[in-house]
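A short worksheet on the structure shown next.
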Amino acid sequence: MASRVQNPIQNRLWLLSFSTSSSSSLCNSVSLKKTRFTNRTRFTNRSLFGKRMSWSSSRRNLYCTCSTSRGSTMDSNTSPSSGRQNAEPFVITTPLYYVNAPPHMGSAYTTVAADAIARFQRLLGNKVVFITGTDEHGEKIATAAAACGCSPAEHCNVVSQAYRTLWRDLGIAYDKFIRTTDPKHEAIVKEFYSKVLANGDIYRADYEGLYCVNCEEYKEEKELLDNNCCPIHLKPCVAKKEDNYFFALSKYEGFLGKMLSENPEFVQPSFRLNEVQSWITSGLRDFSISRASVDWGIEVPNDAKQTIYVWFDALVGYISALLNDGEQPNLQTAISSGWPTSLHLIGKDILRFHAVYWPAMLMSAGLQLPKMVFGHGFLTKDGNKMGKSLGNTLEPTDLVQRFGPDAVRYFFLKEVEFGSDGDYSESRFINTVNAHLANTIGNLLNRTLGLLKKNCQSTLAVDSAIAAEGNTFKDAVEMLVTKAKTHYETLALSSACEAVLEIGNAGNLYMNQQAPWSLFKQGGAASETAAKELVIVLEAMRIIAIVLSPVTPSLCLRIYNQLGYTEDQFDTITWSDAKWGGLKAGQVMAQPKPVFSRIENQIEDGNGGETVKQGSKEKENINQNKSPIEV
Ligand code: MSP
């Protein structure tokens, strides 16, 4: 059972030796925590996203100094983006990934989602800082390095690079990549630690408990399965006894509870809020923030025998990542480049660290809180969380090589409801991307361009705005664009994809109903109508290319190229370009070329028996969407 034996004499001596004002540090000791929170009436954070909260610490109280200088137009809207002024960057983070093993699809999932959200924010015209990186300290990493016979530093270099390579292959456009072994980060962590210490929130004590090395966390006995197994990693926890430094988390219980009840949007999806609130109401225990037994880490300031706990170290990476090249590594400089974050995107397994520990640490250091923490679900295989420790991972590099980045990005964002768990199967993967990307979208574009080439020398006859005057298909497209925007804003990424797919479906239906191939055969006025119908469908394709670009950027670039635009033009599109009317008379389209090839693959079924030809199920759908002419 976990037990902590506080050593007040030792604590006091220790505090005396590291504090600038020994007497006030003693006043600050956690034993006085009950009396230090009397001034709660000054905690007036009306809206986490509306006002910037800054926690100033004084010797006797903590208080909020809400600043209305930026983002003050926001109120209760749950969107992390709504109401932001363009001057204020949208700062989004992924977790910093452990480098004990190369990335798997579970870790790539968070980053793909973050990239889609970041791209959407850029489309809105917002300055975005998209932060990712690697978490490189701690016992788990040291053990992994030893197992492969190299030094921890060498091991970290190799695995951290594997993450960067995968992000490149998946088309991830991050702005900052932080490594927790970067000396600049180490300097910031030490400064952060010193602020928390100066606020009287660090003390020394003995600790005895059960530790999960994979979670890098002490566990409560009641959380564990039989044989003291961690419920996430299904491996036994190990008994540990250590003399550590502790963070006085319990001191922040009241503040965290109040902050969450006043800003319930802080935890997303909303159904995860209860869990966080119940952790708090059932009592927060101080946690150990140093390790005496781990060498591979950042030294505790003024105690070379201890290293800083890997989570206390890594969370601060969200701040140190903000430093620009050549800047002095100090908290103030980093913070002025965009803190606080608009959105921490994480998996649900690390919600406690982000929605409880991290806000408390920030309050202690007198810093503003992030605006939102979103805990998505797990990618599972056979119902179990896909993970390095369970050895049931899916190789993202392999998926990208076989199917391309758009297919991978689209499948996981469209088919897994963001926030819930989702199971992967190769047949579902292939069926989905074939049906949606190759058929509904790719084939519609290809056959329309084919008709335009055959009948109009690939040139648009009329402005799309004029072609669609009074057209109900245009109205439907506009409504779906609005829908997609709302879904992106509320991080309902699957529904955003669905709205785009509906544009494709409506476009196919429209083509089939208007049957321009027959009209061309009639000639005269009917041909003019047919040429106009093609412009209408191609305008819808142009809009699809914009609205789906956060999810499948390279596919959308190919669509844009087919419509006669350059890559530079694609790079400068904004959401407002999704308004109907972009295509103009005289614009020349490229030679029709499939933008997404169907995946034709022979795989063995799950029972190890019969071989099935993938993609065959979609053939019926394709035929439904094909014009009855050869193009
Ligand atoms: N290093 C910490 C994070 C520190 S952030 C300051 C960590 N790293 S991790 O590599 O183990 O996990 C990173 C992220 O990947 C977590 O959000 C985790 O939820 C996510 N995933 C790992 N396996 C996953 C699935 N099978 N499915 C979805 N996401 C999963 O935790």
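Remember, it's a predicted structure, so these values are computed and weren't measured experimentally. Whatever order the structure lists ligands and atoms in, that order sets their numbers, starting from 1.
When only modelled atom types and interatomic distance are considered, Tyr193 and Asp313 share no side-chain donor-acceptor pair under 3.5 Å.
Between His354 and ligand 1, not a single N/O pair is under 3.5 Å apart. For a threshold of 3.5 Å applied to N or O pairs, the pair formed by Gly106 and ligand 1 contains at least one separation below that value. Residue Gly347 places at least one N or O, backbone or side chain, under 3.5 Å from an N or O of ligand 1. Annotation: Tyr98 places an N or O atom under 3.5 Å from an N or O atom of ligand 1; distance criterion only.
For atom 1 (N) of ligand 1, the candidate residues are Leu394, Ile141, Asp135; the nearest heavy-atom contact is made by Asp135. Looking at Leu96, Thr134, Leu379 and measuring to atom 27 (N) of ligand 1, the nearest heavy atom belongs to Leu379. The option with the heavy atom closest to atom 22 (C) of ligand 1, from among His376, His344, Lys348, Lys385, is Lys385.
At a threshold of 4.0 Å, the pair Glu415-Arg428 counts as salt-bridged, since one of the basic side-chain nitrogens sits closer than that to a carboxylate oxygen. Lys251 and Glu253 are not joined by a salt bridge, as no carboxylate oxygen comes within less than 4.0 angstrom of a charged side-chain nitrogen. Salt-bridge check for Arg352 with Glu275: failed, with every basic side-chain N at 4.0 Å or more from each acidic carboxylate O.
Between Tyr203 and Tyr245, the gap from one ring centroid to the other reaches at least 6.0 Å. Taking the six-membered ring for Trp, Tyr357 and Trp279 have ring centres at least 6.0 Å apart.
Every heavy atom of Pro103 sits 4.0 Å or more from the atoms of ligand 1. Contact annotation: His104 has at least one heavy atom less than 4.0 Å from an atom of ligand 1. Using a 4.0 angstrom heavy-atom cutoff, Phe353 does not count as in contact with ligand 1.
Applying the ring-ring contact (aromatic ring centres under 6.0 Å, His included) criterion to Tyr218, with sequence neighbours excluded, gives Tyr207, Tyr211.
Remark: ligand 1 atoms within the under-4.0 Å shell around heavy atoms of Met386 are 23 (N), 24 (C), 25 (C), 26 (N). Which parts of ligand 1 touch Ala314 is read off a 4.0 Å heavy-atom cut-off, strictly below it: atoms 6 (C). Distances below 4.0 Å separate heavy atoms of Gly377 from the following atoms of ligand 1: 28 (C).
Relative orientation of the Phe374 and Phe418 rings is parallel, given thresholds of 30° and 60° on the angle between their planes.
Residues in residues 100-120 take part in these salt bridge (Lys or Arg N to Asp or Glu O under 4.0 Å) pairs, two or more places apart or across chains: Asp115-Arg119, Asp115-Arg409.
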